[in-house]
Amino acid sequence: MPQLPAPDYPAEVRSRLEADAAEVIARYPDSRSALLPLLHLVQSEEGHVTRTGIRFCAEVLDLTTAEVTAVATFYTMYRRKASGDYQVGVCTNTLCAVMGGDAIFEELQHHLELGNGETTEDGKVTLEHIECNAACDFAPVVMVNWEFFDNQTVDSAKQLVDDLRAGRGVTPTRGAPLCTFKETARILAGFPDPRPGAVEAGGSAGPASLTGLRLAKGEEAPGRVVSPRHGGAPQDEAPATHPSSHDAPQRTSASDPHHPAGPVAEEGE
């Protein structure tokens, strides 16, 4: 059966959101460009994008609810169901996974008795796996409301979620102080961050990224990178002229007469 039209916000809430929406829309030459921040705005009201929020965005931007829904369902940053005050995302992409991200996510599922995307009964924590937190230098990484908690272990991640649920203060490894998901959503909508020192707070890239940056700028590498299989460069060997030994020509089947390339059996065998 078709759904009935979504209910409207209460008059006081509607009036407040309309004033905020007008401020957001005024930033853009085309009002449709304001849709993404407006979705953050309605998410800051209820903690997720509701049918009422979609109706509101459609009305103030003169769009259809289908057009708004298409955008809201495309981006995972917009929640489609009620979620916790703290979105705990565990990176399970390649590097974080092999460094312990998979083990952290699995243990947190058992510890919190949650599946992916589920929320604790007290409404404090929503657990999810994230494909990449863009912080590979600090793997494995956990993010809480998009703030970094680097170099995590199973034990530190369990302590982190326990502290969040208990209301104990936690401090991100770098970046701004932690706030609730609704507060984060309003900041992402483009409104000023009222927390003291939050704007000035920040973080830097890790040593691996900085080394890569120096090499990209043509600066001399601090030392030779060798395969871990060798355990270090031979003492009597001249320094490599390549930035990394992985860039040097390697012996392959095409250049090794003892292991020639090509088929080793007749066709069909």
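Residue indices begin at 1 and follow the sequence shown.
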Set of residues satisfying ring-ring contact (aromatic ring centres under 6.0 Å, His included) with respect to H48, sequence neighbours excluded:
none
Can you name the nearest heavy-atom pair linking [X] to [Y], along with the distance?
{"X": "I25", "Y": "S31", "result": "CG2-CB, 3.8 Å"}
{"X": "F138", "Y": "R174", "result": "CD1-NH2, 3.2 Å"}
{"X": "T173", "Y": "D150", "result": "OG1-N, 2.8 Å"}
{"X": "A157", "Y": "I104", "result": "CB-CG2, 3.6 Å"}

Should we count [atom1] of [X] as having more than 12 external heavy atoms under 6.0 Å?
{"X": "E18", "atom1": "CD", "value": "yes"}
{"X": "M143", "atom1": "CE", "value": "yes"}
{"X": "E113", "atom1": "CD", "value": "no"}

Using a 4.5 Å cut-off on heavy atoms from C-beta on, say whether the side chain of [Y] contacts that of [X].
{"X": "P140", "Y": "F149", "result": "no"}
{"X": "L112", "Y": "V125", "result": "yes"}
{"X": "V170", "Y": "Y86", "result": "no"}
{"X": "V42", "Y": "T50", "result": "no"}
{"X": "E128", "Y": "N116", "result": "yes"}
{"X": "F56", "Y": "D8", "result": "no"}

Selection residues 180-201 - residue pairs positive for ring-ring contact (aromatic ring centres under 6.0 Å, His included), sequence neighbours left out
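Sorted result for residues 180-201: empty, none.
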If we ignore angles and hydrogens, is there a donor and acceptor under 3.5 Å between the side chains of [X] and [Y]?
{"X": "S15", "Y": "E12", "value": "no"}
{"X": "H111", "Y": "D162", "value": "yes"}
{"X": "D122", "Y": "T120", "value": "yes"}
{"X": "D163", "Y": "Q159", "value": "yes"}

Pair listing, salt bridge (charged side-chain N to carboxylate O under 4.0 Å, His left out) test, anchored in residues 23-39, at least two apart
R32-E67
Exactly one candidate in R79, R80, Q87 meets side-chain hydrogen bond (donor to acceptor under 3.5 Å, both in side chains) with S83; the answer is Q87
